[in-house]
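Predicted model, so just to flag it, every value in this text is computed and none were measured.
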Amino acid sequence: MIRKLLALPLLAAMAATPASAHDDKVAVVYDQPLPNVPGKSMKGVIVEYEPGGSSPAHTHPDSAFIYATVLEGAIRSQVNDGPVITYHAGENFSEFPGDRHGVSENASKTERARLLAVFVVDTDETELTTYAR
């Protein structure tokens, strides 16, 4: 059975810091165990940034492989010690298990930006994002 969780806030489940510590809105929009990979699930997460919004540096579970697509606007992103890259609507990037996301922010001060992050992660994982302190 396909389980869709539309517009479910993850503030308590995802953040290790208070929600007021970042400028993003996060919602799980898809959560499906993979029938051919026991113990793994695919989870789709929409991240929305208001103009000038950002997320603090963060990591994801060690089991997580992430494919992200910018749906609207432009997102500035830095993974590990790589360069800061601006991705525009329709462009995408990946994060591998153990990566650190140092920069994740809206590239615009006047328009919102949205991205879809698709996680392949351990099914029992409930904390998808841990923010640096």
(request) Kindly say whether Thr110 contributes a backbone atom to a donor-acceptor pair with the side chain of Ser108 at under 3.5 angstrom? (result) yes
(message) Once ring-ring contact (aromatic ring centres under 6.0 Å, His included) is applied, do any residues pair with Phe65, and if so which ones, sequence neighbours excluded?
(response) Phe96
(message) Please check: side-chain N/O of Asp122 versus main-chain N/O of Lys40, any donor-acceptor pairing under 3.5 Å?
(response) no
(message) Within this structure, what is the CG-CD distance for the pair Asn80 and Glu95, rounded to the nearest 0.5 Å?
(response) 8.5 Å
(request) Compare all side-chain heavy atoms of Leu115 with those of Leu71 and state whether any distance is below 4.5 angstrom. (result) no
(request) Report yes if some heavy atom in the side chain of Ser63 is under 4.5 Å from a heavy atom in the side chain of Val121; otherwise report no. (result) yes
(message) Let me confirm one number: the OH-CZ distance from Tyr67 to Phe93, rounded to the nearest 0.5 Å.
(response) 10.5 Å
(request) Verify, without hydrogens or angle tests, whether His60 (side chain) and Leu128 (backbone) share a donor-acceptor contact under 3.5 angstrom. (result) yes
(request) Could I get the full list of side chain to side chain contact (heavy atoms under 4.5 Å, CB included) partners for Val84, not counting sequence neighbours? (result) Arg76, Gln78, Val103
(request) Would you mind reporting whether Glu125 and Pro61 have side-chain heavy atoms less than 4.5 Å apart? (result) yes
(request) Compute whether any side-chain donor of one residue and acceptor of the other, for Ser77 and His101, lie under 3.5 angstrom apart. (result) yes
(message) Looking at Glu111, is its backbone amide N or carbonyl O close enough to the side chain of Asn106 to form a donor-acceptor pair, meaning the two atoms are under 3.5 Å apart?
(response) yes
(message) When you measure from the side chain of Thr123 to the backbone of Gly39, do you find a donor-acceptor pair of N or O atoms at a distance under 3.5 Å?
(response) yes
(request) Report yes if some heavy atom in the side chain of Ile46 is under 4.5 Å from a heavy atom in the side chain of Val26; otherwise report no. (result) no
(message) Is a donor from one side chain sitting under 3.5 angstrom from an acceptor on the other, for Tyr49 and Ser104?
(response) yes
(message) If only side-chain N and O atoms count, and only distance matters, is there a donor-acceptor pair under 3.5 Å linking Asn92 with Tyr87?
(response) no
